[in-house]
Each structure stands twice: as C-alpha cells, then as structure tokens.
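By convention in this document, chain letters (A, B, ...) are assigned in the order of the sequence lines, proteins followed by strands, and residues within each chain are numbered from 1.
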Amino acid sequence: MLSLYNRIPSCSHRNFPKLPAYGLTTVPSPPQEDATIACLVLETDPQILASTLEKHTVQWTPELVNKVLKRLWNHGPKALQFFKLLDRHPTYTHSPAAFDHAVDIAARMRDYKTLWTLVARMRTRQLGPSPKTFAIITERYAAAGKPDRAVKIFLSMHEHGCQQNLNSFNTIIDVLCKSKRVEKAYSLLKVFRGRFRADTVSYNIIANGFCLIKRTPKALEVLKEMVERGLTPTLTTYNIMLKGFFRAGQIKEAWEFFLRMKRRKCEIDVVTYTTVVHGFGVAGEVKKAQKVFNEMVGAGVLPSVATYNALIQVLCKKDSVENAILVFEEMVRKGYVPNLTTYNVVIRGLCHAGEMDRAMEFMGRMKDDECEPNVQTYNVVIRYFCDDGEIEKGLEVFDKMGSGDCLPNLDTYNILISAMFVRKKSDDLLVAGKLLIEMVDRGYLPRKFTFNRVLNGLLLTGNQGFAKEILRLQSKCGRLPRQFRL
DNA sequence: TTAGGGTTAG
C-alpha cells in the first residue's frame with residue numbers, strides 16, 4: 001500500500017493562495033490505509049475512479065470500507081460513488097454497516113431515490129434493513145422537516161421486512177422529540193401505547209422531549225401519568241427532570257429537586273452530579289458548581305471525563321480560561337484522558353479570550369495525544385480567526401482540512417463565506433464564489449440567502465462573468481429567486 | 001441507535 005500512497009504527493013487540491021504555515025506544524029505520522037484511499041477517491045476524477053481503484057490491489061474488508069466512508073462523510077457524492085463502485089467488486093461484498101452509512105449519507109443529501117434503492121438492495125441481499133437502518137432514515141426525515149413522513153416510514157417498516165417492536169417504537173418517538181416534535185410524539189404514544197406496551201423508557205423519552213422545549217410542567221404531568229399507569233420512575237427519569245429545570249432556567253427548582261433526590265436516598269450517580277455542575281455553572285453560579293464538584297468525591301461518586309468537561313466549560317464561560325486550564329492539567333495529573341470534547345472546550349475558551357496562538361498550540365497538543373481535531377475544532381478556530389479579521393489565517397486553517405483527514409461541513413462553508421464579505425474586497429468575493437461551487441460539489445445545498453449574497457457581491461465588484469456561473473449553479477440547485485426562475 | 005450528563009455565538 002506504500003506505493004499507492006507515494007503516488008499521491010499531496011491532497012491539497014484547492015486553488016487558494018498558499019500562505020505561510022501557522023502553528024499547525026506537527027510531526028507527520030505514517031498515513032493509515034483508509035486515509036490514503038479516502039485521499040485517492042477525493043483526488044481522482046470521477047470518470048476514471050473505477051479504473052484507478054482497480055489498478056491497486058487493496059485487500060478490501062468491511063472495516064476498511066467503513067473507515068473510508070467515515071472519512072468521506074462530508075463529501076457525500078464522493079462517498080456514494082466509492083460505495084457504488086465497491087458494490088460491483090467481484091469478491092468483496094458490503095456489510096450491513098456499510099449500507100447503513102450509505103443510507104445515512106444519501107438521506108443527508110436528501111437524495112431519497114438513492115436511499116430507497118439502497119434499502120431495497122439491502123433487502124434483496126438479506127443484509128437488512130435493520131431497526132438501526134430505520135432509526136437513521138426516520139431521524140433524517142424528521143431533521144429535514146418531514147416528521148409525518150418519518151412516522152409513515154416507521155409504520156411501514158414491516159413492509160420492508162423489519163418488524164416493529166417496543167424498541168423501534170421508542171426510537172421513533174425519540175426521533176420526533178429530538179426534532180422538537182414533542183406533541184406529535186406524545187400523540188403517537190397515546191395511540192400505540194397499548195399495542196407496543198409502552199414502558200418507562202417511552203415515558204422518559206416524552207418527558208425529556210418536553211424538557212427540551214422547556215416545558216417542565218408538562219414533563220411532570222407526563223411522569224405523573226406514567227406512575228398512574230403503574231410504571232416506576234428510574235434514576236434516568238429524575239436526571240431528565242433535573243436537567244430540564246436547569247435548561248428552563250428554574251435554578252431554584254433544580255436545586256430543590258436535587259436535594260430531594262439526595263434525601264430520598266435514590267442512588268444519585270455521576271450523571272446527576274455532572275448535570276448539577278454544568279447547570280449551576282451555566283447559570284453563572286461557578287462557586288456552587290465547584291462546591292458540588294468537590295462534594296461528589298466525598299459522596300463516593302468519581303467524576304468522569306464528562307464531569308471535568310462540564311466544569312472546564314463553565315470556567316471558560318463564567319470564570320477564566322486560566323482556571324479552566326488548571327482544571328484541565330489537574331485531570332490529566334489524575335490520570336484522566338482528555339477527549340475531543342475536552343479539547344474543543346478548552347480551544348473555544350482560548351479563542352474566546354483572544355488567545356489564538358495558545359488555541360493553535362492546543363490543537364497541536366491534541367494531535368500529539370492522538371486525539372485528532374474534528375470539524376468542530378476547525379470550525380471554532382476558523383470562526384474566531386475570521387471574527388478577528390484574520391481572514392487569511394482562517395483560510396489557511398481551512399486549507400489544512402482538505403486532506404481527507406477532516407473534511408469541511410456545511411457550517412465551515414457558511415462561516416467562511418460570511419467572512420468573505422467583511423473586507424469588501426473583490427478577491428474575497430471570488431473566494432466566496434469558489435467556496436460556494438465547492439460546497440455544492442460536495443453535496444451541500446446552500447441557502448437562497450447565501451446564493452443571493454454572493455451573487456450581489458460579485459455583481460457589485462464587477463465580476464459579471466463569474467456571477468453568471470453562480471446563477472447557473474443556483475438554478476441547477478433549484479434555489480433561484482422567483483424572477484430569475486427558468 | 002430504545003431513555004439521562006461535556007462541544008453549537010453573544
């Protein structure tokens with residue numbers, strides 16, 4: 001596989017001006033095979049990808065394919081092309097997990113035709129679709145603003161050879177709740193609670209749904225109903241309510257609820273404590289958050305990485321990033337391994353304090369700790385560079401993402417395109433146009449607002465030719481303002 | 001991937 005890697009000198013394939021390196025210099029580690037292949041797929045012209053892949057003898061395994069698909073996550077069209085090519089491979093056959101990945105990607109691009117073709121193919125090959133497949137599909141439909149469609153799909157699962165049960169029922173009501181369609185989920189529960197024998201989990205999901213939209217009284221009502229039906233609340237139920245009070249800004253109620261939980265001797269756990277530490281912190285009560293954090297060890301409950309993350313975030317937001325970093329160092333000393341969230345919280349804190357250099361240092365440190373920055377990490381840094389007017393540095397960090405290690409997502413493009421308007425420079429508008437083309441190419445659909453903004457910008461700076469190109473793109477995407485529609 | 005705690009701006 002080394003030869004394959006050697007063929008690809010660089011994965012940087014954008015036409016933006018090269019800028020001096022800034023802070024992201026780390027010792028290059030040997031490339032993983034999946035990274036190499038992802039890179040190759042990104043680099044190669046779609047027309048010749050099939051023959052290019054054939055030329056290289058790769059030992060395709062489900063694990064390798066899944067890793068590559070994960071790397072191509074934010075480039076839907078390439079990911080699906082790769083999936084389709086391997087689907088015709090003479091010896092390798094896709095695993096159910098690979099199909100689920102492909103289904104998820106197609107659904108995210110709202111390519112529903114491909115989605116259902118894949119589902120049918122899974123069925124023919126007796127690889128599914130599984131309850132997990134339907135969890136993915138219904139979640140995407142709900143997120144795309146089609147909750148009714150999601151419900152219909154759930155109700156027709158059995159027609160695809162996948163029987164509904166209590167688990168899949170709980171999944172669909174959770175999907176509805178997480179997309180804020182709580183009333184719809186609640187009605188569904190009322191209709192089907194007999195058929196599926198709704199349990200504590202079902203009611204916890206609905207209560208949590210009402211908490212998510214800050215309707216704690218309604219959540220309490222749901223729990224009352226649950227008890228009346230002979231179901232016993234669990235610690236999860238109480239943790240849901242506790243978090244709900246904090247989220248709704250009912251700090252006093254949250255505190256009293258927490259005290260009652262302790263008094264009732266229900267074995268409160270690390271989740272309870274993390275909720276309280278975070279809740280008080282976000283409400284600005286840092287001292288109280290710290291006190292609870294210190295108290296938990298005495299109570300025989302060890303903090304988790306998530307608890308540390310909560311405290312660190314709270315210190316960043318309401319105290320100082322210096323104190324947050326002290327806690328960070330302390331957790332490392334105690335043998336905890338900071339995770340992606342820990343780093344992202346610290347990096348955001350540093351960026352917010354204007355300490356961009358130190359933020360970049362931490363980004364290097366996380367790489368050394370084999371905790372690769374993710375798209376959120378990059379987005380935070382890019383956003384703050386741009387907000388500081390350091391647009392070149394923002395673009396430079398963006399350019400580092402191109403390698404297939406971490407592809408930009410919709411947020412990344414939106415952040416950068418917005419930044420291209422602050423300096424009122426003609427060149428910036430050209431970059432905005434290129435970014436717009438690139439994001440469409442990668443399966444992202446820009447908002448009408450974004451198109452129009454870039455178009456106006458290009459016209460005002462005398463880039464009529466380029467503007468026309470963007471206009472054609474916009475019409476292809478079906479995002480043309482009414483007066484221009486063909 | 002049947003439910004609860006850490007990342008998403010001010």
Side-chain angles (χ1 to χ4, degrees), chain A residues 97 100 104 130-140 154 164-175 177-178 185 189 196-209 211-212 219 222-223 226 231 233-244 246-247 261 268-279 281-282 289 292-293 296 301 303-317 324 327-328 331 336 338-349 351-352 373-381 383-384 386-387 409-412 414-415 418:
Chain A
D100 283 344
D104 200 3
S130 68
K132 185 182 169 184
T133 319
F134 281 98
I136 293 167
I137 296 173
T138 50
E139 193 183 318
R140 292 293 179 189
F154 163 72
Q164 295 100 331
N165 57 20
L166 176 58
N167 287 359
S168 57
F169 177 65
N170 284 341
T171 303
I172 182 70
I173 57 175
D174 194 36
V175 159
C177 285
K178 299 263 161 74
L189 175 74
F196 292 112
R197 299 182 180 278
D199 62 356
T200 310
V201 175
S202 321
Y203 283 91
N204 283 350
I205 290 169
I206 302 290
N208 187 47
C211 285
L212 286 173
V222 171
L223 295 180
M226 163 176 138
L231 296 165
T234 61
L235 179 55
T236 300
T237 316
Y238 296 124
N239 285 340
I240 286 169
M241 275 320 302
L242 183 63
K243 174 82 189 169
F246 277 118
R247 187 184 281 113
M261 282 172 79
I268 55 175
D269 66 359
V270 61
V271 175
T272 318
Y273 279 108
T274 307
T275 305
V276 176
V277 169
H278 187 250
V282 168
V292 172
F293 183 88
M296 65 188 288
V301 183
S304 65
V305 174
T307 322
Y308 272 102
N309 292 349
L311 183 61
I312 291 171
Q313 190 209 74
V314 154
L315 292 173
C316 284
K317 280 193 170 165
V327 174
F328 177 91
M331 78 181 273
Y336 288 89
N339 62 19
L340 200 59
T341 305
T342 323
Y343 279 107
N344 284 349
V345 167
V346 171
I347 289 171
R348 175 173 289 108
C351 287
H352 195 76
N374 68 353
V375 66
Q376 272 96 346
T377 324
Y378 283 102
N379 287 352
V380 165
V381 172
R383 165 169 279 140
Y384 276 96
C386 291
D387 284 357
N409 67 8
L410 186 61
D411 287 334
T412 323
N414 284 330
I415 293 164
S418 300

Please report, rounded to the nearest Å, how far the C1' atom of dT7(B) is from the CG atom of N374(A). 8 Å
H352(A) side chain: which of dT8(B), dG10(B), dA3(B) is closest? dG10(B)
Quick note, T307(A) side chain, CB onward, closest among dT7(B), dT2(B), dG5(B) is dG5(B)
Is any side-chain nitrogen or oxygen of R383(A) closer than 4.0 Å to OP1 or OP2 of dA9(B)? no
Nearest to the N167(A) side chain among dT2(B), dG5(B), dG6(B), which nucleotide is it? dT2(B)
Quickly work out the E139(A) CD to dA3(B) P distance and round it to whole Å. 11 Å
Assign L340(A) to base, sugar-phosphate, or nothing according to its heavy-atom contacts below 4.0 angstrom with the strands shown. nothing
For V175(A), report the nucleic acid contact type (base, sugar-phosphate, nothing); a contact means any heavy atom under 4.0 Å. nothing
Looking only at side-chain N and O atoms, does H278(A) come under 4.0 Å of OP1 or OP2 in dG5(B)? no
Between dG5(B), dA3(B), dT7(B), which nucleotide has the shortest distance from any of its atoms to the side chain of T341(A)? dT7(B)
Looking at dG5(B), does its base get a donor-acceptor pair with the side chain of T272(A) below 3.5 Å? no
Examine dG5(B): is either OP1 or OP2 under 4.0 Å from a nitrogen or oxygen in the side chain of Q313(A)? Give yes or no. no
Could you tell me whether the side chains of T237(A) and N204(A) share a donor-acceptor contact shorter than 3.5 Å? yes
Centres of the Y343(A) and F328(A) rings: under 6.0 Å? yes
Out of dA3(B), dT1(B), dT8(B), whichever nucleotide has its closest atom nearest the side chain of K132(A): dT1(B)
Which nucleotide in dA3(B), dG5(B), dT1(B) has an atom nearest any side-chain atom of I136(A): dT1(B)
Calculate the interatomic distance between F328(A) atom CZ and dT7(B) atom P; express it in whole Å. 16 Å
With sugar-phosphate meaning primed atoms plus P, OP1 and OP2, does N379(A) contact a base, only sugar-phosphate, or nothing at under 4.0 Å between heavy atoms? nothing
Please work out whether dG6(B) sits syn or anti, treating a glycosidic angle within 90° of 0 as syn. syn
Could you check how far CG of L311(A) sits from C1' of dG5(B), rounded to whole Å? 14 Å
Taking the side chain of T234(A) as its heavy atoms from C-beta onward, which of dT7(B), dT2(B), dA3(B) lies nearest to it? dA3(B)
Minimum-distance nucleotide (side-chain atoms of T171(A) versus dA3(B), dT2(B), dT8(B)): dT2(B)
Within this structure, what is the CZ-to-C1' distance between F154(A) and dT1(B), rounded to whole angstrom? 14 Å
Short N-O contact, R383(A) and D387(A), less than 4.0 angstrom: no
Rounded to whole Å, OH of Y384(A) lies from P of dT7(B) at a distance of 14 Å
Would the Y336(A) and Y308(A) ring centres measure less than 6.0 Å apart? yes
Check whether any side-chain N or O of K243(A) sits under 4.0 Å from OP1 or OP2 of dG6(B), and answer yes or no. yes
Spacing between Y238(A) atom OH and dA3(B) atom C1', to the nearest angstrom: 15 Å
What nucleic acid atoms does N339(A) come within less than 4.0 Å of, heavy atoms only: base, sugar-phosphate, or nothing? base
Between S130(A) and T133(A), does any side-chain donor sit less than 3.5 Å from a side-chain acceptor? yes
Measure from CD1 on I240(A) to P on dT2(B) and round the result to the nearest Å. 16 Å
What's S304(A) touching, base or sugar-phosphate or nothing? Going by heavy atoms closer than 4.0 Å. base
Pair N374(A), T377(A): side-chain N/O donor-acceptor within cut-off below 3.5 Å: yes
